[in-house]
Structures are given as C-alpha cells and as structure tokens.
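All values below come from the heavy atoms of this structure, side chains included, with hydrogens, waters and symmetry mates left out.
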Amino acid sequence: MLKEYMTIAEVTGPLMLVNEVEEVSYDELVEVELSNGELRRGKVLEAAQGRALVQLFEGTTGLDVTSSKVRFLGKVIELGVSVDMLGRVFDGFGRPIDKGPGIIPEVRLDINGNPLNPYARAYPSEFIQTGISAIDCQNPLVRGQKLPIFSGSGLPHPRMAAQIARQAKVRGTDEKFAVVFAAMGITFEEADYFVSDFRRTGAIERAVLFMNLANDPVIERIATPRMALTVAEFLAFEKGMHVLVILTDMTNYCEALREVSAARKEVPGRRGYPGYMYTDLAMIYERAGRIQGKPGSITQMPILTMPEDDKTHPIPDLTGYITEGQIILSRELHNKGIYPPVNVSMSLSRLKDKGIGKGKTREDHSGVLNQLSAAYDRGKEARELAVVLGEAALTPVDKKFLKFADEFEKQFVKQGENEDRSIEQTLDLGWKLMATLPRTELKRLSDEQIRKYLPAEEGV
C-alpha cells in the first residue's frame with residue numbers, strides 16, 4: 001500500500017512542493033488525487049530533508065493544496081515498447097492517438113535510457129541515402145551519425161523532414177529500416193500535415209510517430225524526444241533495425257526547458273536558458289550511434305529553428321558542439337523559390353569521408369563533392385563582384401563560374417518535394433554541371449575520373 005501525503009506546501013506554475021515525505025528519490029513518478037477524484041501524474045525534480053519538489057505533467061490548475069492527496073510510486077517514467085508500434089501515432093507521453101488499439105508491450109523501458117560505454121561504440125561508416133542531392137552528395141549522412149538541420153522561422157524544414165522520413169534508406173542491404181519521428185510544440189495543422197503525408201505515401205508502415213502539440217503540457221514536450229529514443233533503442237538494439245530518428249523542433253524543446261527552469265527559480269544562463277541545457281541536449285543527442293556486435297543502429301537528424309536566423313544563438317551553438325556537423329537552410333535561396341534551400345557552403349557533415357567512396361557510394365564521390373563546392377564558392381564570389389563592378393568587368397572564366405553557380409542552385413540544389421534521386425543520379429548531375437567549366441579548372445578531380453565520367457561532348 002502506497003503512503004499518501006496531504007502536506008502540499010506550495011504550488012508555482014507546473015511545480016508543487018510537498019513536505020514531510022520519506023524515502024523519495026529523484027525522477028520518481030508521482031500521482032496526485034484531486035478532491036474530485038481526478039488523477040494527475042508528475043515526477044520528482046528535487047528531494048532533500050523531507051521535502052520533494054514535484055513537476056506535474058498536466059499542470060496544477062484547479063489543485064487544492066489542502067484536500068489533494070500525493071502518492072510516490074517508487075518507479076521512474078517507463079514506456080511499454082513493441083514492434084507493433086510501427087505504423088502508429090502517439091502523443092508526447094506514448095499514448096496512442098490514432099484511434100487504434102492499445103499496445104501490448106514486449107518490455108517496459110526507462111525513457112532516460114542507459115548510457116553507452118564509449119568503448120562499445122562502433123564507428124559510423126555506412127552511407128544513408130536521403131534522395132536529396134544537397135545532402136547526399138555535399139553533406140552525406142552516415143549510419144549512426146548525429147546531423148542536425150538548422151532552419152529559420154518560415155523555412156520549409158517540415159517538408160524536408162517529411163521528405164527525408166519518406167525517402168531515407170541504407171543502400172546495399174536488405175536489413176530492416178525504420179523511422180521514429182517526434183514533433184514537439186507544433187501546431188495542429190503541422191501535425192495533420194505530417195500524419196497525412198506519412199499515410200498518403202505509405203511511409204507510416206515503417207514509422208513510429210510522436211506528436212506533441214503547442215497546447216499540450218510543457219512537461220510532455222520534455223518527455224517526447226526521450227519517448228522516441230526509447231522506441232528507437234528497442235528497435236535498433238533489440239530487433240536489429242536501422243533507425244533514423246527525426247526530432248522537430250528542438251527549439252520548442254529548449255523553450256520548455258527554460259519555462260520549467262524559470263518556474264523552479266533557477267539562476268538563468270545565456271538568454272535565460274538553464275545552465276544545464278548543454279548537458280540535457282547531450283543526453284538526447286548521444287543516444288545515437290552503433291554498438292559493436294549488434295546489427296542495429298540509431299541515426300539522428302534533429303531539426304531546430306534558429307531565432308532570428310542567428311546560428312550563434314545558444315540552441316544551435318550548443319547543438320553544433322555535440323553533433324557531427326549541420327545542414328543549414330538559406331532564407332536567400334528560399335526567397336528565390338529553391339527547394340530544399342540548403343546552404344551548401346555553410347553546411348558540413350564531419351563524417352562525410354567515412355561513408356562515401358568505392359563500395360559505399362561511388363569512387364568519384366569525394367572528388368565531385370570537393371570540386372562542386374570549390375566551383376560554387378568561386379561562382380558566388382563572381383556574383384558578388386558582378387554586383388559591385390557589373391558583369392562586364394568579369395573575365396570569361398569568371399563568367400562561366402557565375403553561370404555555373406546559378407545552374408548549380410537551379411538544377412542541383414533545387415529538386416521536387418517528391419523527387420527521390422539516387423546517389424548515382426546526383427553524381428551524374430554534378431558531372432553534367434561541371435562539363436560547362438574549362439577542364440583546366442577541374443583541379444580536384446583525377447584525370448582518370450574526368451575521362452570516365454565527364455560528358456565528352458560538353459567538356460571544354
């Protein structure tokens with residue numbers, strides 16, 4: 001029989017202070033029974049000297065401190081997981097919201113996961129094809145990697161997230177591939193778009209969706225990515241699946257952290273965010289990876305909107321330290337009508353060299369990647385010079401690079417929302433664009449590669 005307490009001393013926002021408690025531990029689940037019989041749940045944030053600070057998931061509205069009963073359940077938040085979760089939609093606490101039957105769990109797991117021994121990790125080395133040229137060629141995603149997308153308000157990151165979830169695949173293997181998609185703090189319209197898109201394309205059959213809406217409790221938003229990663233770890237390390245985890249929008253998650261921190265009256269850090277936000281984000285991002293001796297893997301693509309498009313803001317800044325690169329979306333390209341508006345020059349995949357080349361993509365991938373980047377950067381320099389001096393002041397070679405930069409954006413970066421390009425199609429398109437440049441300028445490609453892949457009739 002659980003002991004009941006009627007010693008609530010104070011209520012502030014989503015927090016409740018309970019006095020005269022015994023044997024209560026951090027992160028323990030709490031049940032509160034209101035005077036009308038309604039049950040609410042929460043967890044312990046702090047416990048010391050007979051006092052416990054409790055964070056209520058459904059908020060404290062209508063809670064009577066004199067008549068409400070508090071029970072400490074002696075366990076942490078757990079999620080019942082099963083392979084049957086594939087094809088289903090859940091809320092941020094893991095409850096089905098798709099009118100389907102309840103899940104019969106194979107096992108119940110702590111949503112905080114278990115830390116991986118760094119020595120047990122296997123190094124990421126296998127290419128994941130997203131079907132998006134600006135990512136696959138220029139900033140390749142590797143199995144087990146953490147590669148965030150830095151976006152801005154109004155940019156089409158929801159469409160990109162849905163496209164990647166639909167199209168992502170591990171090449172050259174028949175092993176099962178799954179997507180775990182977690183949306184935090186989104187509008188009803190966005191949630192409807194994601195669910196409808198997954199169902200329309202059939203991608204939902206291999207996906208698990210978690211939807212936390214903007215009007216859902218803040219505490220649920222903090223639990224959502226952990227719920228998603230708990231399912232991902234089960235599918236990857238118990239069922240041997242390749243799992244891609246897409247988390248959107250991590251900015252909303254961090255805002256929830258800040259709101260709870262303010263309610264706890266903690267000393268704020270940069271821009272009011274809690275000082276432990278780096279540690280908190282690391283606990284989420286570091287749950288990606290591979291384990292030696294196990295076939296499964298977790299690859300993460302967190303998406304975050306940079307306030308005022310500022311990549312020095314604490315959220316993208318800290319995320320960049322923890323993850324292995326970033327895909328940055330460009331408002332300038334978006335305004336030109338280019339989708340996806342990936343800023344190739346500013347984006348980076350730190351593990352790109354580990355997942356490309358012969359036997360993984362194609363032997364010319366590295367050369368094409370470097371040559372396209374160099375030519376595009378030179379073309380953008382020529383564009384800036386033309387703005388100042390006029391196009392007539394450019395040399396004939398600079399004019400070719402200027403034209404290359406324009407065509408690179410229109411043909412290579414730009415593609416349809418339902419266009420799934422293979423890496424071979426992407427590389428061939430890169431060669432077609434490079435054929436418009438003088439061969440003497442293709443300094444990052446070997447003569448053998450030029451002879452084999454450069455379209456002869458277009459080469460200069």
- Show the numbers, then the answer: is there a side-chain contact (heavy atoms from CB on, under 4.5 Å) between I222 and V260? CA-CA 10 Å; I222 294 174; V260 172; 3.8 Å; yes
If you count heavy atoms of other groups shown closer than 6.0 angstrom to [atom1] of [X], is the number above 12?
X	atom1	result
E417	CD	yes
M6	CE	yes
Q49	CD	no

- Task: Using distance alone, with no hydrogens and no angle criterion, decide if T312 and D317 have a side-chain donor and acceptor under 3.5 Å apart.
- Result: no
- Query: In terms of side-chain heavy atoms, does Y276 have a donor or acceptor partner in E266 at a distance below 3.5 Å?
  - Reply: yes
- Message: Can you tell whether the side chains of E424 and R362 come within less than 4.0 Å, N to carboxylate O?
- Response: no
- Item | CA sep, side-chain torsions, deciding dist, call: Q145, S349, side-chain hydrogen bond (donor to acceptor under 3.5 Å, both in side chains) | CA-CA 9 Å; Q145 184 178 7; S349 172; 3.1 Å; yes
- Task: Evaluate salt bridge (Lys or Arg N to Asp or Glu O under 4.0 Å) for K358 paired with D364, printing each intermediate quantity in order.
- Result: CA-CA 8 Å; K358 191 173 182 180; D364 60 320; over 6 Å; no
- Task: For the residue pair F181 and F194, categorise the inter-ring angle as parallel (less than 30°), tilted (30 to 60°) or perpendicular (more than 60°).
- Result: tilted
- Message: Please verify the inter-ring angle class for H313 with Y273; under 30° counts as parallel, over 60° as perpendicular, anything in between as tilted.
- Response: perpendicular
- Message: If you define the side chain from C-beta out and look only at heavy atoms, does anything of V89 sit under 4.5 Å from M211?
- Response: yes
- Message: Within 45 degrees of the ring normal and closer than 6.0 Å to the centroid, is that where the cationic atom of R166 sits relative to F198?
- Response: no
- Item | Exercise: identify the closest heavy-atom pair between A165 and V179 | O-CG2, 3.6 Å
- Which pair of heavy atoms, one from L29 and one from I77, lies closest together, and at what distance? CD2-CG1, 3.6 Å
- Kindly say whether the aromatic ring centers of F72 and Y5 come within a distance under 6.0 Å. yes
- Please say which of R350, K146, K354 ends up in a salt bridge (Lys or Arg N to Asp or Glu O under 4.0 Å) with E324. K146
